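In this chain, residues are counted from 1 in sequence order. Predicted, not measured: the structure shown is a model, and the values here were computed from it. All heavy atoms count here, side chains included; hydrogens, waters and symmetry mates do not. Order of listing sets the numbers, starting from 1, for every ligand and every atom in it.
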Amino acid sequence: MTQIKDCTALITGGASGIGLLMGQMLLERGAKRLIVWDANPENIETARTSLAPFGRVDFDRIDVADTEAVISALSRLKADGVAIDLLINNAGIVVGKPFLEHTHADIDRTLTINTGALMHLTRALLPEMTARGRGHVVNIASAAALVSNPNMSVYAASKWAVTGWSDSLRQELERTETGVRVTTVLPYYIHTGMFDGVRSRIIPILQPKNVASRILRAVEKDAVFLHMPTIVRFLPLLRGLLPTRALDFVLNRIFGVASSMDNFQGRIQTSQDTKGSHR
Ligand SMILES: NC(=O)c1ccc[n+]([C@@H]2O[C@H](COP(=O)([O-])OP(=O)(O)OC[C@H]3O[C@@H](n4cnc5c(N)ncnc54)[C@H](O)[C@@H]3O)[C@@H](O)[C@H]2O)c1
């Protein structure tokens, strides 16, 4: 079982949304030290103020797409004697447009931030965790890893890839008894602003506090997967049982999944936002 009390945690994209809430909850549950990496300086300043009452937080403006910056930030932490017990790979972006409206830069940036960056950071940190015989890596994927709806093509691809990689890694680490755990998280839409404008016909949009707290509970239990809400768990079963057109009917005509992104706005981009950001 992973202990949150006295742990040192690193959260990417930890200055907003569920990353910020998970940071606050980790401190409330007795984490010794929280390291937040985020690319957006405005979010960092807001988070600095809101997390100050809860405990020690070290902020670093890191774009996780920049592998060299990631590796040197990890080296600095190591040189300062910081050993990370819990890594939450949370930073992510969405473009939210039909595939043909993506620029080539949109495609590359989404795949780099949502997929490649998780692999590079984990690859750089894992040797320390395995040497210590403990650690926990949490990868925030999405329910979009199990269902591909319109206007989410590249985002869905990035999250399918993360899910496959994350669970393969989990099995490797278990098979070799490293003591390092991996949890893959697949939430439906969450009210954080990242997906502002989406509509959900039957399944309620998730509340960020509830999501953050369930992720931490999953960490404590060393859960392999966390699907939110529970119905998301059954998507692979439905896919196996139903012919594709019947599945399309159920998801699109009944649950309204195909039109859920029709009014997507996402976040309003600020001057300080990350390059090639959310829209
Ligand atoms: N919001 C949803 O509906 C939803 C649903 C399923 C999964 N998710 C996933 O949950 C995670 C968190 O989402 P959220 O809703 O809290 O989003 P958010 O936009 O509130 O927070 C994301 C944070 O990541 C940071 N970030 C973006 N690119 C970065 C980069 N290159 N380097 C470092 N930091 C970067 C942003 O500055 C922001 O502070 C994402 O991986 C997202 O894909 C979100």
Side-chain angles (χ1 to χ4, degrees), residues 10-24 35-48 50-51 59-67 69-70 73 88-96 106 108-118 120-121 138-147 149 152 154-163 166 184-200 203-212 214-215 226-229 232 260-261 264-270 272-279:
L10 165 60
I11 307 183
T12 67
S16 168
I18 58 168
L20 176 61
L21 286 167
M22 287 188 284
Q24 178 183 324
I35 298 150
V36 168
W37 287 359
D38 204 290
N40 183 317
E42 289 169 357
N43 289 357
I44 290 179
E45 284 323 304
T46 312
R48 201 188 290 284
S50 70
L51 288 180
F59 289 92
D60 211 345
R61 185 181 173 188
I62 303 277
D63 177 350
V64 292
D66 182 346
T67 304
V70 163
I88 305 185
N89 277 313
N90 167 74
I93 59 166
V94 62
V95 171
D106 284 337
D108 286 345
R109 187 117 181 109
T110 305
L111 293 176
T112 303
I113 293 172
N114 291 6
T115 313
L118 284 71
H120 287 293
L121 170 52
V138 178
N139 296 309
I140 309 294
S142 165
L146 301 173
V147 60
N149 53 302
M152 288 261 250
V154 181
Y155 180 81
S158 72
K159 298 296 189 178
W160 283 59
V162 159
T163 304
S166 181
T184 311
V185 181
L186 297 94
Y188 186 63
Y189 295 123
I190 315 165
H191 264 304
T192 59
M194 182 180 187
F195 279 91
D196 265 2
V198 298
R199 291 212 188 118
S200 183
I203 306 173
I205 295 185
L206 299 163
Q207 291 306 317
K209 271 192 184 158
N210 187 35
V211 172
R214 288 200 53 200
I215 294 172
L226 173 62
H227 301 83
M228 281 175 285
V232 170
S260 63
M261 288 286 286
F264 171 85
Q265 293 165 341
R267 292 190 184 287
I268 305 300
Q269 197 166 349
T270 69
Q272 301 268 41
D273 242 341
T274 73
K275 286 175 278 168
S277 186
H278 310 110
R279 299 193 71 184

Checklist entry - For ligand 1, which atoms sit closer than 4.0 Å to a heavy atom of Tyr189? => result 3 (O)

Checklist outcome for this item: Min over Ala47, Ala144, Gly17, Gly13 of heavy-atom distance to atom 22 (C) of ligand 1 lands on Gly13

Checklist entry - Looking only at side chains, do Thr110 and Tyr155 share a donor and an acceptor under 3.5 Å apart? => result no

Checklist entry - Which option out of Met22, Met194, Arg109 puts a heavy atom nearest to atom 13 (O) of ligand 1? => result Met194

Checklist entry - Have Tyr188 and Ser142 got a donor and an acceptor in their side chains that come within less than 3.5 Å? => result no

Checklist outcome for this item: Among Val162, Asn90, Leu186, closest by heavy atom to atom 11 (C) of ligand 1 is Asn90

Checklist entry - Within the structure, does Val64 bring an N/O atom to less than 3.5 angstrom of an N/O atom in ligand 1? => result yes

Item to check | Ligand-side contact atoms (ligand 1) for residue partner Tyr188, heavy atom cut-off under 4.0 Å | outcome: 5 (C), 6 (C)

Checklist entry - Which atoms of ligand 1 sit under 4.0 Å from any heavy atom of Thr192? => result 1 (N), 14 (P), 15 (O), 16 (O)

Next on the checklist: Does any N or O of ligand 1 fall below 3.5 Å from an N or O anywhere on Ile113, backbone included?
Outcome noted: no

Checklist entry - Quick one: does Pro187 get an N or O within less than 3.5 Å of an N or O on ligand 1? => result no

Checklist entry - With backbone taken as N, CA, C and O and side chain as the heavy atoms from C-beta onward, which portion of Asn43 lies under 4.0 Å from ligand 1: side chain, backbone, both, or neither? => result side chain

Next on the checklist: How close do Asn90 and Thr12 get, counting heavy atoms only, and between which atoms?
Outcome noted: N-OG1, 2.9 Å

Item to check | Shortest non-hydrogen contact between Leu206 and Pro187, atoms and distance | outcome: CD1-CB, 4.0 Å

Checklist entry - Can you list the ligand 1 atoms lying under 4.0 Å from a non-hydrogen atom of Asp63? => result 30 (C), 31 (N), 32 (N)

Item to check | Contacting atoms of ligand 1, where contact means under 4.0 angstrom from a heavy atom of Ile93 | outcome: 27 (C), 28 (N)

Item to check | Ile62: numbered ligand 1 atoms lying under 4.0 Å from its heavy atoms | outcome: 32 (N), 33 (C)

Checklist entry - Where the closest heavy atom to atom 38 (C) of ligand 1 is concerned, which of Asn40, Leu21, Asp38 has it? => result Asp38

Next on the checklist: Any atom of ligand 1 sitting under 4.0 Å from a heavy atom of Lys159?
Outcome noted: yes

Checklist entry - Can you list the atoms of ligand 1 that are under 4.0 Å from a heavy atom of Ser142? => result 6 (C), 7 (C)

Next on the checklist: Tell me if the CZ atom of Arg199 is crowded by more than 12 foreign heavy atoms within 6.0 Å.
Outcome noted: no

Next on the checklist: Regarding Asp63 and Arg109, does a basic nitrogen lie under 4.0 Å from an acidic carboxylate oxygen?
Outcome noted: yes

Next on the checklist: Considering Gly92, Ala141, Pro41 one by one, which has a heavy atom nearer to atom 7 (C) of ligand 1 than any of the others?
Outcome noted: Ala141

Next on the checklist: So, regarding Trp37 and ligand 1 (criterion: nitrogen or oxygen to nitrogen or oxygen, under 3.5 Å), is there a contact or not?
Outcome noted: no

Next on the checklist: Between Thr115 (side chain only) and Ser158 (backbone N and O only), is there a donor and an acceptor less than 3.5 Å apart?
Outcome noted: yes

Checklist entry - What is the minimum heavy-atom distance between Ala141 and Thr163, and which atoms define it? => result CB-OG1, 3.4 Å

